[in-house]
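Reviewing the structure listed below.
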There are 2 protein chains.
Amino acid sequence: MGKYDCLKIENQLCFPLYAASKEIVRRYKPMLDRIDLTYTQYIAMMVLWDRKELNVKELGKCLYLDSGTLTPLLKKLENKGFVTRHRSESDERNLIITITDKGMDLREEAMKVPSEMGRCLCLNEEDTDVLYKLLYKVLDSIEESKKTIKHKSN
Amino acid sequence: MGKYDCLKIENQLCFPLYAASKEIVRRYKPMLDRIDLTYTQYIAMMVLWDRKELNVKELGKCLYLDSGTLTPLLKKLENKGFVTRHRSESDERNLIITITDKGMDLREEAMKVPSEMGRCLCLNEEDTDVLYKLLYKVLDSIEESKKTIKHKSN
DNA sequence: TATTATATAATCGTTCACAATCTAATTGAC
DNA sequence: GTCAATTAGATTGTGAACGATTATATAATA
């Protein structure tokens, strides 16, 4: 037990989290290439397949991303013809993203992705469930600590 | 149970993994700013604090990163005076990264980071342990599936 | 009503991250 | 020993990711 053991990479929780996330996204790439989406575009499309229409702010909240990331990404999705972007008439500050027919059609092709991914990520059902719950616990706990910081600084 | 439920973001394991990783790195930022490191530089320094000296290839294996990411990152660490870079005499293809005294000194300051981070990531010991093991299970399982793919394509 | 504050996106600058390509060094086959 | 493969790292181009700033629209208030 050295003094600096807490700084060893194998004693960190953040590192396998960071590495696993990257490796999974990398693993998705060849599957997503086939439907002409990057990973971030894919999760944006997931929200849109479900919700059909929402503004940048709401999408950002779903994905933990801000307009700095989403604006160029949504322009690319628009160029590919998967979404349209127009200002809300009732409040012109809001940019409304709407999925197109072409975007909806893509869902059929995208259906193949999760099953293919599941095959190469061979966790059993219980592990998957436990991991899922713990990851959301982490996300919630970070959200919570953000609030505390914000309060302190006020 | 709709036909497309598997494409809902709340039914995906990859998404909370991706989001939690990003949020944790973001959470680290203010702490790492104080020691003038980015997150990726921080994990590279972690390996170097432990190993003192290794080449780019070995470092890349530790961090799941390639030379395209590491070359510019290591040049930045060199500019900051935390490492030196020189070619191996026995095999000039290898670039050896060596930590400097200044780099070693930084470890004392960095010691504050994991404890501060732990405070805002309030998982109990058991959860942390389970999460850690599951994340490495994911990493291993991806490594394994890579080999299979490689074999198939040969 | 005029002014201030807040909210929403867009823009800008910096740093990863990675696939693909390139260069140079080394190894291996013949 | 020569030439082809392999290996290590650097380079290039694209796409995030995010903090900070800016522009515009709306809301709140003096």
Side-chain angles (χ1 to χ4, degrees), chain A residues 15 18-33 36-45 54-61 63-80 83 85-97 142 146 149 154, chain B residues 18-33 36-45 54-61 63-80 83 85-97 142 146 154:
Chain A
F15 176 69
Y18 159 85
S21 168
K22 268 187 329 106
E23 290 302 297
I24 285 195
V25 170
R26 197 205 307 252
R27 200 75 192 65
Y28 266 110
K29 192 174 183 302
M31 309 171 201
L32 294 177
D33 279 349
D36 192 25
L37 292 178
T38 65
Y39 179 74
T40 318
Q41 290 166 7
Y42 173 60
I43 58 175
M45 289 303 291
L54 77 178
N55 65 38
V56 174
K57 184 79 175 181
E58 292 166 330
L59 183 59
K61 196 148 196 173
L63 302 180
Y64 296 83
L65 292 171
D66 68 2
S67 68
T69 303
L70 288 175
T71 297
L73 184 145
L74 291 167
K75 283 181 179 174
K76 274 167 207 142
L77 287 179
E78 187 183 40
N79 283 337
K80 292 177 189 179
V83 306
R85 303 161 67 247
H86 56 92
R87 293 279 164 183
S88 161
E89 283 178 24
S90 62
D91 184 343
E92 298 219 348
R93 288 171 301 181
N94 292 296
L95 188 87
I96 300 176
I97 314 301
I142 292 176
K146 267 186 198 166
I149 296 295
N154 283 355
Chain B
Y18 159 85
S21 168
K22 267 187 331 103
E23 289 302 297
I24 285 195
V25 169
R26 196 205 308 249
R27 200 75 192 68
Y28 266 110
K29 191 173 184 299
M31 309 171 201
L32 294 176
D33 279 349
D36 193 24
L37 293 178
T38 65
Y39 179 74
T40 318
Q41 289 166 8
Y42 173 60
I43 57 174
M45 289 302 291
L54 77 177
N55 66 39
V56 174
K57 184 80 176 178
E58 292 165 330
L59 183 59
K61 196 149 196 171
L63 302 179
Y64 296 83
L65 292 170
D66 68 3
S67 68
T69 303
L70 288 175
T71 296
L73 184 144
L74 291 167
K75 283 181 179 172
K76 274 167 208 144
L77 287 179
E78 188 183 40
N79 283 339
K80 293 177 189 180
V83 306
R85 303 162 65 247
H86 55 92
R87 293 278 166 184
S88 160
E89 282 179 22
S90 62
D91 184 343
E92 297 219 349
R93 287 172 304 181
N94 291 299
L95 187 86
I96 299 175
I97 314 300
I142 293 176
K146 268 186 198 166
N154 282 353

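The chains referred to below are lettered A, B, ... by the order of the sequence lines, with proteins before strands, and numbering in each begins at 1.
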- Of A:Lys22 and A:Glu58, whose closest DNA chain C nucleotide lies nearer the 5' terminus? A:Glu58
- 5' priority, DNA chain C, between A:Asp91 and A:Thr69 [closest heavy atom]: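 Closest to the 5' end, via its nearest nucleotide, is A:Asp91.
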Taking only the side-chain nitrogens and oxygens of [X], find out if one of them lies under 4.0 Å from OP1 or OP2 of [N].
| X | N | answer |
| --- | --- | --- |
| A:Lys75 | C:dT11 | yes |
| B:Arg85 | D:dA10 | yes |
| A:Tyr18 | C:dA17 | yes |
| A:Arg26 | C:dC18 | yes |

Per [X] side chain, nearest of listed nucleotides [options]:
| X | options | result |
| --- | --- | --- |
| A:Thr38 | C:dC18, D:dA16, C:dT8 | D:dA16 |
| B:Asn94 | C:dC16, D:dG9, C:dC18 | D:dG9 |
| B:Thr71 | D:dA10, C:dA9, C:dA17 | D:dA10 |
| A:Lys76 | C:dA25, C:dA19, D:dA16 | D:dA16 |
| A:Arg93 | C:dC16, C:dT6, D:dA8 | C:dT6 |

- Task: Would you mind telling me which residue lines up with the more 5' stretch of DNA chain D, A:Ser67 or A:Ile43, judged by nearest nucleotide?
- Result: A:Ile43
- Message: With nearest nucleotide decided by heavy atoms, which residue, A:Tyr39 or A:Glu92, maps closer to the 5′ end of DNA chain D?
- Response: A:Tyr39
Heavy-atom side-chain contact between [X] and [Y] under 4.5 Å:
| X | Y | result |
| --- | --- | --- |
| A:Ile97 | A:Leu70 | no |
| A:Thr69 | A:Asp66 | yes |
| A:Met45 | A:Val83 | yes |

Nucleotide [N], atom [atom2] - distance to [atom1] of [X] in whole Å:
| X | N | atom1 | atom2 | value |
| --- | --- | --- | --- | --- |
| A:Leu63 | D:dC18 | CG | P | 11 Å |
| B:Leu65 | C:dA19 | CG | C1' | 14 Å |
| B:Asn55 | D:dA10 | CG | P | 11 Å |
| B:His86 | D:dG9 | NE2 | P | 13 Å |
| A:Leu95 | D:dA25 | CG | C1' | 13 Å |
| A:Arg87 | D:dA23 | CZ | P | 15 Å |
| A:Asp33 | D:dG15 | CG | C1' | 12 Å |

- Task: Pick base, sugar-phosphate or nothing for B:Leu70, based on heavy-atom distances below 4.0 Å to the nucleic acid.
- Result: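 No contact.
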- Query: With a non-hydrogen cut-off below 4.0 angstrom, is A:Thr40 in contact with a base, only sugar-phosphate, or nothing?
  - Reply: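 Sugar-phosphate only.
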- Item | Residue from A:Glu23, A:Arg26, A:Lys22 passing side-chain contact (heavy atoms from CB on, under 4.5 Å) with B:Ile142 | A:Glu23
- Task: On the 0 to 90° scale, with breaks at 30° and 60°, tag the B:Tyr39-A:Tyr18 ring pair as parallel, tilted or perpendicular.
- Result: perpendicular
- Message: For A:Thr38 and A:Thr40: C-alpha separation, side-chain torsions, deciding distance, then whether side-chain hydrogen bond (donor to acceptor under 3.5 Å, both in side chains) applies.
- Response: CA-CA 6 Å; A:Thr38 65; A:Thr40 318; 4.7 Å; no
